[in-house]
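These notes concern the structure reproduced below.
Note that the structure is a prediction, hence the values are computed from the model and not measured.
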Amino acid sequence: MIDPKLLRQATADVAKNLARRGFVFDADAYLSLEVERKSLQIETERLQAERNTSAKRVGKAKAAGDDVAPLLAAVKDLGAKLEQAESSLQRVQTALRDIELGLPNLLSEHVPDGADESANVEVRQWGAPRSFDFPVRDHIDIGTQLGMLDFDAAAEMSGSRFAVMHGGLARLQRALIQFMLDTHSNEHGYEETYVPYLVHERALLGTGQLPKFEADLFRTTTETPFYLIPTAEVPLSNLARDRIFEAGELPRQYVAHTPCFRSEAGSYGQDTRGMIRQHQFEKVELVHLVPAQDSDKALEALTAHAEVILQRLQLPYRVVALCAGDVGFGAAQTFDIEVWLPGQERYREISSCSNCTDFQARRMQARVRNKDSGKPELLHTLNGSGVAAGRALIAVMENYQQADGSIEVPEVLRPYMGGASEIRVRD
RNA sequence: GGAGAGAUGGCUGAGUGGUCGAAAGCGCUCCCCUGCUAAGGGAGUAAGGGUUAAAAGCCCUUCGAGGGUUCGAAUCCCUCUCUCUCCGCCA
């Protein structure tokens, strides 16, 4: 959420910033509601104050044994007036809040202009795509020929966009996850964390998936519905909900491995083959909670942490600064990390690292006490994949494929694979 | 799933219709006193919002959440959520 104060005082600036995303903010409509809110709120609070003082007067009179009938008569119609004022105020405040909840975050000044992903700016590249002296297969062929990847069995029980993995391939994904968790917790200062995969609506309101993106989520049919998390960002960031951290308690860095569930509504026809885009996938997620002034630096650090994973795996990648039109709803600035996939002969997103500034913190009331003033201030949240395990698996399969259809196991994963150096068909 | 108990400020915990945003203790901050790492005395110490250019001040809201009764609710009524104990069941 954008600071409502800023919204009403610098409405034009806000609208201009959001316009960079291609978002149209109806400033006039907002301001006219805001004018209404102001007068209604002043009136409502005036009536509340009147009620409070008159109630106190009645109390005192009763204690003194005086007749309270005249006092009661004087405030006879106050209740009805107040009720009306309160409900009008609430109506306007709800309308304002609906607008506010639907506004994306303000973009950082560092974000390049552009309408869509074609305008994203490559920041750096690491490694060089390997050249193969045999016909390159994609992960679908590799996995299927190894007998370790089965989309038919998955479709049989769950439909499209699911996969079943067996043997070395299933283990390779687990190895990737463990390698990533170990690296981040042992070397990058993250606290390994286990979190719920089902969360209430308010958690998703906090991180910004709701109310706007309900269609992307799976929801249970229980009496009070749960949502399946689309990313561990949701539970991890919500660890800060309704909390006031002491200055010394920040920064906090959490890492968690979770499955992620996405309905992928609206992505029909995209990446329908293979494991690139699934309803369920594994991801290692990084979340930072930092004081406001530190979040730019934290975004650099977070991105670098994710990059280390790909470097250790010797997977070529590039880092891309998302342009204004491509930065997600809650983010002020985002770097995507894209890994080279030989099967597609292109770079594909494997991590997205975002600085959400105070956008989520305001929704969650996540704060840190300013050491000098003693006052609570909104903290900043950042999140990034470190990295998506399902896509990392694809990247390893395709980049480490060998002429005979086997997969070489990257050095750093061998300790997690019982020392195995390759994955091949069992005979 | 069954039975019971509970939810109050950073913590412990009082408060069953009025002067209660809330006793007391602990913790924390500042000051005073005191020559010995201790003790004592005093003051302060919730969050959100409105008004304001901003602050001060003033006002509003908040005692798990939502609704109701009342001139007035932490206190009474209803619904929900969560926590704890016992039983059952399970990983």
Side-chain angles (χ1 to χ4, degrees), chain A residues 1-14 30-31 33-97 99-101 194-206 220 222-227 235 238-250 259 358 360-379:
Chain A
M1 211 157 90
I2 297 174
D3 182 1
K5 242 177 196 160
L6 187 72
L7 214 45
R8 69 179 81 128
Q9 286 173 359
T11 317
D13 293 340
V14 170
Y30 183 82
L31 282 177
L33 270 173
E34 174 50 30
V35 167
E36 214 181 326
R37 184 231 102 220
K38 183 165 170 172
S39 69
L40 280 170
Q41 182 160 354
I42 290 170
E43 172 67 2
T44 303
E45 291 187 357
R46 208 206 83 231
L47 290 168
Q48 285 172 330
E50 196 178 326
R51 176 202 59 199
N52 292 344
T53 54
S54 68
K56 270 180 192 165
R57 224 175 289 139
V58 172
K60 274 186 188 150
K62 259 196 170 163
D66 296 343
D67 180 19
V68 297
L71 287 173
L72 295 187
V75 296
K76 192 159 56 76
D77 54 345
L78 186 62
K81 269 200 270 183
L82 182 57
E83 203 171 310
Q84 221 218 305
E86 278 175 342
S87 76
S88 305
L89 177 61
Q90 192 171 30
R91 199 195 69 239
V92 173
Q93 274 177 332
T94 303
L96 282 168
R97 190 172 165 76
I99 293 174
E100 287 158 7
L101 285 175
Y194 175 81
V195 293
Y197 304 157
L198 293 170
V199 297
H200 282 310
E201 179 185 28
R202 63 174 170 278
L204 290 148
L205 277 168
T220 67
T222 43
E223 197 176 347
T224 46
F226 289 107
Y227 291 86
N238 271 279
L239 290 172
R241 157 175 298 277
D242 285 326
R243 285 197 58 174
I244 302 174
F245 291 94
E246 295 306 322
E249 293 180 296
L250 296 188
D358 61 11
Q360 297 178 326
R362 184 169 292 106
R363 289 168 170 239
M364 296 190 295
Q365 282 303 304
R367 292 159 293 169
V368 55
R369 194 173 297 284
N370 182 306
K371 226 175 179 166
D372 301 322
S373 69
K375 291 290 165 204
E377 294 171 354
L378 293 171
L379 51 78

task = Output the single nucleotide from A47(B), U19(B), G18(B) whose closest atom is nearest the side chain of Lys56(A).
result = U19(B)
query = Picking from U51(B), U19(B), C71(B), which would you name as closest to the side chain of Ala63(A)?
reply =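 So the nucleotide nearest the side chain must be U19(B).
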[atom1] atoms of [N] and [M], separation to the nearest Å:
N	M	atom1	result
C71(B)	U79(B)	P	24 Å
A23(B)	C76(B)	C1'	23 Å
A7(B)	C28(B)	C1'	25 Å
A38(B)	G6(B)	C1'	40 Å
U75(B)	A39(B)	C1'	41 Å
G88(B)	G1(B)	C1'	8 Å
G25(B)	A43(B)	P	11 Å
C84(B)	U8(B)	P	14 Å

Any [X] side-chain N or O less than 4.0 Å from OP1/OP2 of [N]:
X	N	answer
Gln9(A)	A54(B)	yes
Lys5(A)	U51(B)	no
Asn52(A)	U61(B)	yes
Arg367(A)	G48(B)	yes
Arg202(A)	C82(B)	no
Arg369(A)	A46(B)	no

ask   = Is the shortest heavy-atom distance from the side chain of Arg362(A) to the side chain of Asp3(A) under 4.5 Å?
value = yes
request  = Evaluate whether atom CD of Glu249(A) has more than 12 neighbouring non-hydrogen atoms of other residues, nucleotides or ligands under 6.0 angstrom away.
outcome  = yes
Check every strand shown and say whether [X] touches a base, only sugar-phosphate, or nothing at a heavy-atom separation below 4.0 Å.
X	result
Arg51(A)	sugar-phosphate
Arg8(A)	sugar-phosphate
Arg362(A)	nothing

Rounding to an integer number of Å, can you tell me how far [X] [atom1] sits from [N] [atom2]?
X	N	atom1	atom2	value
Ile42(A)	G50(B)	CD1	P	11 Å
Leu89(A)	G50(B)	CG	C1'	10 Å
Arg46(A)	G50(B)	CZ	P	20 Å
Gln93(A)	U61(B)	CD	P	13 Å
Asp242(A)	A65(B)	CG	P	11 Å
Gln41(A)	C60(B)	CD	C1'	8 Å
Lys38(A)	G49(B)	NZ	P	16 Å
Glu50(A)	C58(B)	CD	C1'	17 Å

ask   = Do Gln90(A) and Glu86(A) have side-chain atoms, one donor and one acceptor, less than 3.5 Å apart?
value =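 Not at all, the side chains of Gln90(A) and Glu86(A) share no donor-acceptor pair under 3.5 Å.
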ask   = In terms of side-chain geometry, is the basic nitrogen of Glu50(A) or Arg46(A) positioned less than 4.0 Å from the acidic oxygen of its partner?
value = yes
inquiry  = Strictly below 4.0 Å, N to O, side chains only: are Lys81(A) and Glu43(A) in salt-bridge contact?
reply    =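 No salt bridge links Lys81(A) with Glu43(A).
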inquiry  = Closest-nucleotide mapping onto RNA chain B: is Gly59(A) or Glu83(A) further toward the 5' terminus? I mean the 5' end.
reply    = Gly59(A)
ask   = Is there a donor-acceptor contact under 3.5 Å from the side chain of Arg363(A) to the main chain of Leu204(A)?
value = no
request  = Nearest 0.5 Å please: distance from the NZ atom of Lys375(A) over to the CZ atom of Arg369(A).
outcome  =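 The NZ atom of Lys375(A) sits 8.0 Å away from the CZ atom of Arg369(A).
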ask   = How far does CZ of Arg37(A) sit from OG of Ser88(A), to the nearest 0.5 angstrom?
value =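 Going from the CZ atom of Arg37(A) to the OG atom of Ser88(A) covers 14.0 Å.
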key: Pairing annotation in dot-bracket form, given for RNA chain B with Watson-Crick or G-U pairs under 3.5 Å and | for cross-strand partners   = ((((((((.[[[..)..(.....]]]((((((.......))))))((((((.....)))))).[[[[[..)....]]]]])))))))....
inquiry  = As a test of understanding, state which of Val368(A), Asn370(A), Ile244(A) forms a side chain to side chain contact (heavy atoms under 4.5 Å, CB included) with Pro376(A).
reply    =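 Testing Pro376(A) for a side chain to side chain contact (heavy atoms under 4.5 Å, CB included) against Val368(A), Asn370(A), Ile244(A) leaves exactly one candidate, Ile244(A).
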